[in-house]
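Working notes for the structure below.
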Amino acid sequence: MPDLWSDLVSCLDLSVTPAGDAADARFEGRNLRLAYSRVFGGQLLGQFVRAAAAGVPDKSVKSVHAVFVREGRTDEPIHYRLHRHHTGRSFATVSLVAEQSRGVVATASVSLHTEEDGPHRQTLAAAPALLSAEHKVEWDLLPWETRAAGDLDDLGTAAPEFEFWMRTPEVDPALAPALAAYATDLTLIGTALLPLEGYAQSGNGTAFVSAVTSHTLWFHRRFRTDEWLLLRQHSPLLAQARAYGRGDILTEDGTLVASYAQEAMVRIPQE
């Protein structure tokens with residue numbers, strides 16, 4: 001199996017394919033070479049960001065709202081159809097459809113914006129000090145430095161709040177939005193389960209069944225992922241077999257650079 005970091009960067013390099021009817025542009029993205037057959041949703045989010053940026057190269061991705069339709073399979077590439085609904089002087093709006101031979105895997109609505117000057121204001125709790133190296137954690141799907149004080153695999157009970165620090169290897173800043181999108185898909189379900197005794201993120205497929213249904217990101221400012229970022233998140237609701245969570249991404253000095261939210265199906269057997 002190849003190194004996951006280089007494999008991920010390669011997956012974010014989409015190839016252009018001939019556009020057909022009902023598409024302004026088409027792209028193909030290959031899948032991460034993982035040990036299981038389902039496409040990781042973070043890969044789709046990252047590729048949506050990259051496809052939108054390629055489709056409107058004179059603007060930056062401002063927001064992405066993705067809906068996951070069905071499980072993607074790793075044994076065939078993902079084909080992306082992009083349609084430009086509007087391209088103005090300041091804003092652009094595109095839609096994307098991710099497909100495989102079985103049908104649509106996911107869709108996304110993406111807004112892009114030309115960078116403008118204006119007033120700056122930020123109101124949120126300050127970022128804590130960067131955790132020391134003794135708080136290093138390793139998650140199979142994040143191929144970079146990660147530190148956290150909490151434990152999403154703890155089967156006890158805790159408030160549905162979790163934060164972790166991350167820093168990728170040195171990488172082209174143009175990949176930062178896609179890499180951040182990839183990272184935000186991993187831990188919100190685990191955060192929602194923290195108050196439930198006996199359940200933890202690692203129990204998916206055994207103690208419970210989960211799948212992300214929709215995911216949204218907003219990019220507020222430029223940032224780099226090869227500098228430390230804090231992902232601070234909480235889940236205010238778990239109801240009707242669905243979990244909802246949201247989070248912010250801050251730089252080490254506390255600057256808010258992105259925000260995200262997610263809804264997921266979480267089916268826990270009832271006794």
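These numbers come from a predicted model, not from an experiment.
- Using cut-offs of 30° and 60° on the angle between ring planes, the pair W165 and W228 is perpendicular.
- S90 and H113 share no donor-acceptor pair across their side chains, judged by distance under 3.5 Å alone.
- Side-chain contact of T17 with E28: a donor-acceptor pair under 3.5 Å is absent, judged by distance alone.
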Worksheet item: Should H234 and R246 be marked as a side chain to side chain donor-acceptor pair (under 3.5 Å) after you check the CA-CA gap, both sets of side-chain angles, and the distance that decides it?
Response: CA-CA 6 Å; H234 74 287; R246 56 198 180 201; 3.2 Å; yes
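- Here the side chains of L230 and E163 are in contact, with some heavy-atom distance below 4.5 Å.
- F48 and V16 fall within a single hydrophobic cluster, where Ile, Leu, Val, Met, Phe, Trp and Tyr are joined by side-chain heavy atoms under 4.5 Å apart, directly or via other members.
- Salt-bridge annotation for K59 and E115: absent, with no side-chain N of the basic residue lying under 4.0 Å from a carboxylate O of the acidic one.
- Considering only residues two or more places apart in sequence or on other chains, E138 meets the salt bridge (Lys or Arg N to Asp or Glu O under 4.0 Å) condition with K136.
- Using a 4.5 Å heavy-atom threshold, the side chains of L34 and L141 count as touching.
- Here the side chain of T168 pairs no donor or acceptor atom with the backbone of M166 at under 3.5 angstrom.
- When side chains are defined from C-beta on, M265 does not count as touching V212, because their heavy atoms never get closer than 4.5 Å.
- Side-chain contact between L217 and T184 is present, with heavy atoms from C-beta onward closer than 4.5 Å.
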Can I get a per-line list of side-chain donor-acceptor pairs under 3.5 Å for residues 117-125, giving both atom names and the distance, sequence neighbours left out?
from: R121; atom 1: NH1; to: T123; atom 2: OG1; distance (Å): 2.9
from: Q122; atom 1: OE1; to: R221; atom 2: NH1; distance (Å): 3.1
from: Q122; atom 1: OE1; to: L256; atom 2: N; distance (Å): 3.0
from: Q122; atom 1: NE2; to: G254; atom 2: O; distance (Å): 2.7

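- Between D7 and R30, at least one side-chain nitrogen of the basic residue sits less than 4.0 Å from a carboxylate oxygen of the acidic one, meeting the salt-bridge criterion.
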Taking distance alone, no hydrogens or angles, what donor-acceptor pairs closer than 3.5 Å link side-chain atoms of residues 93-110 to residues at least two apart or in another chain?
from: S95; atom 1: OG; to: H85; atom 2: NE2; distance (Å): 2.8
from: E99; atom 1: OE1; to: R81; atom 2: NE; distance (Å): 3.0
from: E99; atom 1: OE2; to: R81; atom 2: NH2; distance (Å): 3.1
from: Q100; atom 1: OE1; to: R73; atom 2: N; distance (Å): 2.9
from: Q100; atom 1: NE2; to: R73; atom 2: O; distance (Å): 2.7
from: Q100; atom 1: NE2; to: E76; atom 2: O; distance (Å): 2.8
from: S101; atom 1: OG; to: E76; atom 2: OE1; distance (Å): 3.4
from: S101; atom 1: OG; to: E76; atom 2: OE2; distance (Å): 2.7
from: R102; atom 1: NH2; to: E71; atom 2: O; distance (Å): 2.6

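- In summary, the side chains of T74 and N31 do not present any donor paired with an acceptor at a separation below 3.5 Å, with no hydrogens or angles considered.
- Grouped with V67 in a hydrophobic cluster is no other residue, since no side-chain heavy-atom contact under 4.5 Å to another Ile, Leu, Val, Met, Phe, Trp or Tyr is found.
- The hydrophobic clustering, which links ILVMFWY residues whose side-chain heavy atoms are closer than 4.5 Å, places I249 and L131 apart.
- Between T157 and E197, the side chains place no donor N or O within less than 3.5 Å of an acceptor N or O (distance only, hydrogens not considered).
- Among residues two or more places apart in sequence or in another chain, the ring pair (Phe, Tyr, Trp, His ring centres under 6.0 Å) test is passed with F40 by Y182.
- Checking D153 against Q201 by side-chain atom types alone, no donor-acceptor pair falls below 3.5 Å.
- Between F68 and T213 the shortest side-chain heavy-atom distance does not fall below 4.5 Å.
- Applying the salt bridge (Lys or Arg N to Asp or Glu O under 4.0 Å) rule to D226 yields the partners R224; only residues at least two apart in sequence or on another chain are considered.
- In this model, no donor atom of one side chain and acceptor atom of the other lie less than 3.5 Å apart for T251 and E227.
- Put simply, the side chain of H135 does not reach to within 4.5 Å of the side chain of F164, judged on heavy atoms.
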